[in-house]
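Atoms within each ligand, like the ligands themselves, are counted from 1 in listed order.
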Amino acid sequence: MSNTFGRLFRFTTWGESHGPALGVVVDGCPAGLPLDESDLQRDLDRRRPGQSRVTTQRKEEDRAEILSGVFEGKTTGHPISILIRNKDADSSKYEPLRNLFRPGHADFTYIQKWGIRDHRGGGRSSARETAARVAAGAIAKKLLARLGVSILGYVDQVGEVRWDGAHFDADEIERNIVRCPDAETASRMEAAILEARKAGDSVGGAITVLADGVPAGWGEPLYGRLDSDLAAAMMSINAVKGVEIGSGFRAAGMRGSENNDPFEMKDGEPGVRTNNAGGILGGISTGAPIVVRFAVKPTSSILIEQDTVTTSGEKTTVKVEGRHDPCVATRAVPIGEAMMALVLADHWRLGLGSRIE
Ligand SMILES: Cc1cc2nc3c(=O)[nH]c(=O)nc-3n(C[C@H](O)[C@H](O)[C@H](O)COP(=O)(O)O)c2cc1C
């Protein structure tokens, strides 16, 4: 089973959507990092359901309790165990779904693999699990901040509405409910989400995550390339269907003369003038910002009737009621940031012994 991610800075999550609690154990955090529950809460609040009219109305407080690995306000170097209780799980809505396969969900594949599944809220396949990774990611972010690395994510596409990149205001991201860096585009995105919800439908989106301050030299080619670990990290988030680094899929339509990033001297050190590589060459950071973009599919649970079959093979239809996000992109922003931080914290540790001088 794969519930653990990372090598030297690693975490293991556990728990189901409608169980009593879920949590995470983070191992490999250096001793001496000041840490308390408020450090985890900011990002948990950004991921939390019930934040706004474009997210699910499930009301979870998502209070993180640190059970181990912190003594007198500092990490001890031992496993940090975090507990998050489930308080607002309403399992009754899932009873009619117990014996059928919801289109777009993991119901079918979980039954194929294990022959048993917790149907309540999707059980382990639910994105409720991402609360635990966000808590782990907050620790990685705090560690990285000490190393001069900062991480920022935002929504750049909702359905057909795409931010054109012209106007970027970092402060705007948390001011609007879709987390887009441009207020005017954000209001068009919000309208697209509300329109999909009104139609009983859902809409997809895309998120960009930037990491600033990563020095040149992080990454473990060949099979621990920074880009391949970031792709695996983002792809492990529920509903993610595509990941790009730098110019990504646009590179397929470009010429080498456009896509190459020319080198130049900056403050006496070689650096890149542009950043189509997304801050990574040969699987190793260049010192330019790391740029990762990922696409989330439209939410699977919709009120529109869809064809399906029961677990015993009879034809039926399903309308998925309950509390669902009409677009998961806005809540995926802190999750993408957490995964970026967790990969970078691991690569910082992995790289510490890479040369003698
Ligand atoms: C933050 C977040 C919230 C999500 N909320 C829902 C939801 O309310 N309803 C739903 O059908 N899917 C939701 N999803 C997506 C499902 O968990 C996911 O599509 C499903 O488990 C199938 O897995 P896959 O899409 O990765 O193949 C959410 C995903 C994320 C990242």
Side-chain angles (χ1 to χ4, degrees), residues 2 13 15-18 22 43-60 62 84 86 88-91 93-94 97 100-114 117-135 137 153-155 157-158 177-179 193 196-197 200-207 209 231-243 293-304 306 308 318-340:
S2 284
T13 71
E16 287 85 27
S17 178
H18 288 210
L22 46 88
D43 279 346
L44 282 171
D45 288 346
R46 292 169 70 224
R47 196 218 68 97
R48 203 158 52 87
Q51 297 165 63
S52 75
R53 59 188 174 274
V54 297
T55 62
T56 165
Q57 293 311 301
R58 180 169 169 174
K59 292 261 187 290
E60 287 290 2
D62 283 354
I84 302 166
N86 289 327
D88 189 27
D90 175 7
S91 303
K93 288 273 189 313
Y94 289 89
L97 307 173
L100 57 77
F101 301 129
R102 291 168 303 164
H105 279 281
D107 305 347
F108 172 68
T109 48
Y110 271 45
I111 285 288
Q112 292 297 307
K113 186 170 176 65
W114 288 293
R117 76 184 170 95
D118 178 351
H119 67 285
R120 302 163 311 160
R124 182 70 182 154
S125 73
S126 165
R128 179 101 193 100
E129 180 272 349
T130 59
R133 318 171 182 212
V134 165
Y154 53 84
V155 170
Q157 186 171 349
V158 167
I177 59 181
V178 284
R179 302 203 162 98
I193 297 172
R197 167 178 271 174
D201 214 339
S202 62
V203 68
I207 296 99
V209 183
M234 299 308 169
M235 208 42 125
S236 75
I237 301 171
N238 312 51
V240 173
K241 283 293 172 192
V243 182
R293 182 169 188 258
F294 59 93
V296 287
K297 71 186 190 184
T299 317
S300 308
S301 295
I302 52 174
L303 282 167
I304 295 170
Q306 296 173 91
T308 189
V318 62
K319 267 197 216 177
V320 185
E321 301 191 0
R323 300 165 296 180
H324 299 284
D325 286 288
C327 176
V328 305
T330 65
R331 290 178 56 218
V333 171
I335 308 169
E337 290 177 359
M339 293 312 291
M340 170 76 98

Gap between atom [atom2] of [Y] and atom [atom1] of [X] - 0.5 Å precision:
| X | Y | atom1 | atom2 | result |
| --- | --- | --- | --- | --- |
| Thr13 | Arg133 | OG1 | CZ | 6.5 Å |
| His119 | Ser125 | NE2 | OG | 12.5 Å |
| Ile193 | Asp325 | CD1 | CG | 9.0 Å |
| Arg102 | Tyr94 | CZ | OH | 6.5 Å |

Considering only non-hydrogen protein atoms, determine which one is nearest to [atom] and report residue, atom name and distance to 0.1 Å.
| atom | answer |
| --- | --- |
| atom 15 (C) of ligand 1 | Ala239 CB, 3.8 Å |
| atom 21 (O) of ligand 1 | Ser125 O, 3.2 Å |
| atom 17 (O) of ligand 1 | Asn238 ND2, 3.3 Å |
| atom 30 (C) of ligand 1 | Ala127 CB, 3.4 Å |
| atom 28 (C) of ligand 1 | Val328 CG1, 3.4 Å |
| atom 10 (C) of ligand 1 | Thr299 CG2, 3.2 Å |
| atom 9 (N) of ligand 1 | His324 ND1, 3.0 Å |

Item to complete: Look at atom 5 (N) of ligand 1 and find which of Thr330, Thr109, Asp325 reaches it with the closest heavy atom.
Response: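 Among Thr330, Thr109, Asp325, the closest heavy atom to atom 5 (N) of ligand 1 comes from Asp325.
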Worksheet item: If we ignore angles and hydrogens, is there a donor and acceptor under 3.5 Å between the side chains of Ser91 and His18?
Response: yes
Worksheet item: Is the closest side-chain donor-acceptor distance between Ser300 and His324 under 3.5 Å?
Response: no
Practice prompt. Go through ligand 1 atom by atom and flag the ones less than 4.0 Å from a non-hydrogen atom of Ile335.
Written response: 1 (C)
Worksheet item: Short list, please: which atoms of ligand 1 are under 4.0 Å from a heavy atom of Gly104?
Response: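 Checking each atom against Gly104, I get 22 (C).
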Worksheet item: With backbone taken as N, CA, C and O and side chain as the heavy atoms from C-beta onward, which portion of Val320 lies under 4.0 Å from ligand 1: side chain, backbone, both, or neither?
Response: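 Neither; nothing of Val320 gets under 4.0 Å from ligand 1.
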Worksheet item: Should the proximity of Lys297 to ligand 1, defined as any heavy atom under 4.0 Å, be assigned to the side chain, the backbone, both, or neither?
Response: side chain
Discussion item. Please enumerate all residues that pass side-chain contact (heavy atoms from CB on, under 4.5 Å) together with Leu303, with sequence neighbours excluded.
Written reply: Glu321
Discussion item. With a 4.0 Å cut-off on heavy atoms, is Thr130 in contact with ligand 1?
Written reply: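 Outside the 4.0 Å threshold, so no.
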Worksheet item: Is Asp62 salt-bridged to Arg128, going by a charged N under 4.0 Å from an acidic O?
Response: yes
Worksheet item: So, the side chain of Arg179 versus the backbone of Val155: is there a donor-acceptor pair under 3.5 Å, distance only?
Response: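 Checking the backbone N and O of Val155 against the side chain of Arg179, no donor-acceptor pair under 3.5 Å is found.
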Discussion item. Quick one: does any side-chain atom of Gln157 pair with a main-chain N or O of Ala206 as donor and acceptor, under 3.5 Å?
Written reply: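 Between the backbone of Ala206 and the side chain of Gln157 there is no qualifying donor-acceptor contact (under 3.5 Å).
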Could you tell me whether [X] and ligand 1 have an N or O pair separated by under 3.5 Å?
| X | result |
| --- | --- |
| His105 | yes |
| Lys241 | no |
| Ala332 | no |

